[in-house]
Amino acid sequence: MNKNHNNEPVISIGLILPEDNQKNVSITLFGEKFGLLIDDVKQVEFKNDFNVGVCVNKLSLNDIHCNEIIIKNNDRELANYIKVDPVIAGRGFHWQKSIDIKVLGDLVIKIIDQRLFVINKIFLEDYLMCVATSEMGAKCPQSLLEAQTIVARSWILAAKEKKHQNLKLDACNDDCCQRYQGISNVVLSSVQAAQNTRGKVLIHGDTICDARYSKNCGGISEKGNNVWDINFQPYLDSIIDSENTDTIDLSKEENFKEWLLNQQKSFCGPEYINEAYLRQYLGNVDEKGEYYRWEISYTNSELVKIIYAKSGKQFSKIIMIHPIERGASGRILTMKIMGKDGNGNDTSLNINSEYEIRRILHKKFLYSSAFIIETNSKHKNEYDFTLKGAGWGHGAGLCQIGALGMSLAGKTTEEIVFHYYKKTKLKDIYE
Ligand SMILES: [Zn+2]
Ligand SMILES: [Zn+2]
C-alpha cells in the first residue's frame with residue numbers, strides 16, 4: 001500500500017479480474033478533472049466515453065493497440081467519477097449478476113492472457129464510504145454503518161488471506177473479499193460513518209484484527225479457525241448472538257438439532273428484525289430470502305445431479321448424508337455422503353470444509369453449512385432429503401443482520417463491535 005502525506009493509504013481493488021474472462025468494457029468519465037495515459041504517454045485530447053476491448057494480446061481503444069491504459073482522477077469530489085460497465089457482482093455465488101460501477105480514484109486497465117484486468121486505485125476512506133452501503137442498505141441506522149465501516153477498514157488493513165496477491169491487489173470488488181459497488185449507494189449516513197470513524201481500527205494486542213464478518217450467523221457465530229486454516233487469535237471466537245451470552249456447545253448433533261428447531265431470541269432473528277422489513281436494510285444485490293432459518297428439499301435424483309455437476313462424483317443414488325464434525329455454531333466442517341455407484345456397489349464422498357459443503361450441496365451456493373438433514377422415504381430404499389438450516393455465510397466474526405438488530409435496538413457502535421470481537425480495542429491509526 002502507498003501512503004499519502006496524511007498516512008491515509010491508497011488501495012488497489014480489482015473490478016474486472018482475468019478469471020472473469022471479460023473481453024470488453026465501456027468506460028465513461030463524469031467531471032472535468034481527468035488525465036489519460038496510454039502506455040505511459042499522456043494524451044492531450046480524449047473523449048469522455050470509450051470502449052476498451054481485447055485484440056489478441058493487446059488492449060484496443062478505437063484504432064489504438066496498447067498494453068495499459070491509466071485514467072487519472074485528479075479530484076476527490078463525488079462529482080468526478082468513472083463509470084465501468086459491466087462488472088460482475090456475487091462472482092460464483094447464488095446471487096451473481098452483472099452491474100455497472102461508478103468509482104472515485106484512478107482506473108488502470110491491463111491485459112493478462114488475452115483477458116481484461118481492471119483495477120481501481122482509491123483512497124481507503126473513499127473506498128470505505130462505498131463499502132458500508134454496498135454490504136448493507138443505505139437505510140441502515142448510523143451505529144450499524146459505523147460498525148460495518150470499522151470492521152471493513154480493519155479487515156482490509158489486516159487481510160491475512162490476501163486472496164489476490166498474485167495480481168497485487170488489496171481486494172477484489174466482491175463478496176469473495178468485501179463488497180464494493182462504488183458511489184451509487186453512497187448516502188449522507190455512509191459518508192458520515194466513514195468520517196466519524198476515520199482511521200479507526202479494531203486491535204488485539206498490537207495487531208489490527210482480521211475482522212471477518214458474514215450476513216447472518218443464525219444465532220451463534222463460528223470460530224474463525226474452523227472456517228479458515230488461519231490462526232485468528234481469540235477475537236474470532238464463537239459467541240451467542242443475543243443479550244444472553246451463556247455458552248452452549250452446538251458441535252454435538254443432538255444439541256444442534258434441539259437448538260435449531262426451537263425459537264431463539266437472537267439479534268439476527270425475528271425477535272429483533274422482522275424479515276418482512278429486512279429487505280430495505282440489505283444491499284441492492286442481496287436476494288430476498290430467509291436468512292435466519294431456511295429449508296431446501298431435494299429429490300434423490302436432483303441431488304445426484306447437483307453433486308455430479310459440482311464435484312464430478314457420480315452416484316446412481318444417495319443413501320445418507322452424514323455430518324462427521326460440527327463447529328461451535330453447529331456448522332458442518334466435514335461430512336460423508338454415502339450411496340451407490342452405477343453398478344449398485346457402495347460408494348461415498350467426503351467433503352472437508354464448510355465452504356466445499358456449501359458449494360457442492362447446491363446448484364449455486366448453499367446459505368450455510370449449519371443444517372440438519374431430514375431423510376424422507378417415499379418408497380422402500382428411495383430417499384429424498386430436506387436440509388433445515390440456520391444463517392447465511394461462514395458465520396465467523398460480526399453478524400451483519402445481528403449488528404443491524406443491535407443497532408435498531410439502540411446499541412452503540414462500540415457495543416456492536418465489542419460484542420462480536422472479544423478482547424479487542426479501538427485504535428486510531430491515522431488522522
Ligand atoms: Zn476477492
Ligand atoms: Zn447473528
Side-chain angles (χ1 to χ4, degrees), residues 11-20 87-93 96 117-120 127 131 134-136 144 147-148 151-152 155-156 159-181 210 212-223 228 236-245 248 250 259-260 263-273 275 278 281-282 290-294 328-331 355 367-368 370 389-409 411 416-417 419-421:
I11 55 168
S12 293
I13 306 296
L15 301 182
I16 298 173
L17 304 183
E19 69 185 67
D20 298 338
V87 165
I88 293 177
R91 223 173 248 115
F93 287 93
Q96 177 169 324
F117 179 33
V118 179
I119 307 141
N120 183 202
Y127 163 78
V131 168
S134 299
E135 281 285 345
M136 294 294 281
L144 177 276
Q148 173 71 65
V151 168
W155 177 82
I156 200 156
K160 291 193 181 192
E161 220 171 356
K162 302 226 180 296
K163 290 183 183 174
H164 308 284
Q165 200 167 24
N166 58 331
L167 296 171
K168 297 192 169 64
L169 296 175
D170 292 297
C172 73
N173 61 317
D174 209 6
D175 296 278
C176 132
C177 289
Q178 60 190 0
R179 197 182 287 170
Y180 164 63
Q181 293 169 352
D210 187 330
R212 307 286 167 122
Y213 56 92
S214 69
K215 198 99 272 168
N216 188 317
C217 74
I220 174 168
S221 72
E222 187 51 71
K223 287 177 197 283
W228 301 277
L236 277 192
D237 203 354
S238 175
I239 60 112
I240 308 279
D241 201 5
S242 72
E243 297 278 6
N244 173 9
T245 53
I248 165 172
L250 298 188
W259 180 87
L260 180 82
Q263 177 89 9
Q264 310 292 332
K265 199 176 173 189
S266 309
F267 288 131
C268 52
E271 292 261 4
Y272 281 82
I273 302 170
E275 290 200 348
L278 185 58
Y281 297 118
L282 292 178
E290 284 160 353
Y291 305 124
Y292 182 66
R293 292 290 177 270
W294 50 263
S329 70
R331 279 172 172 74
Y355 182 90
Y367 282 139
S368 84
W392 178 9
H394 53 68
L398 178 137
C399 165
Q400 291 174 303
I401 293 176
L404 172 63
M406 290 183 78
S407 183
L408 292 170
K411 306 281 184 194
I416 295 172
V417 293
H419 168 69
Y420 291 105
Y421 305 97

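As the structure lists them, so they are numbered: ligands from 1, and atoms in each ligand from 1. Remember, predicted model here, so these are calculated numbers, not experimental data. Residues: numbered from 1 along the sequence shown.
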Which atom pair, heavy atoms only, marks the closest approach of L17 to C172?
CD1-CB, 4.1 Å
Would you call K411-E243 a salt bridge at under 4.0 Å N-O?
yes
Please note down the angle at the Zn ion (ligand 1) between SG of C176 and SG of C177, to the nearest 10°.
120°
Shortest non-hydrogen contact from S329 to A370?
O-CB, 4.3 Å
Total protein N/O/S atoms sitting under 2.8 Å from the Zn ion (ligand 2), waters ignored, is 4
Here's one to test your reading of the geometry: is the NZ or CZ of R179 within 45 degrees of the ring axis of W155 and under 6.0 Å from its centre?
no
Let me know which of L236, I239, D241 forms a side-chain contact (heavy atoms from CB on, under 4.5 Å) with S221.
I239
Is a donor from one side chain sitting under 3.5 angstrom from an acceptor on the other, for Q178 and Y127?
yes
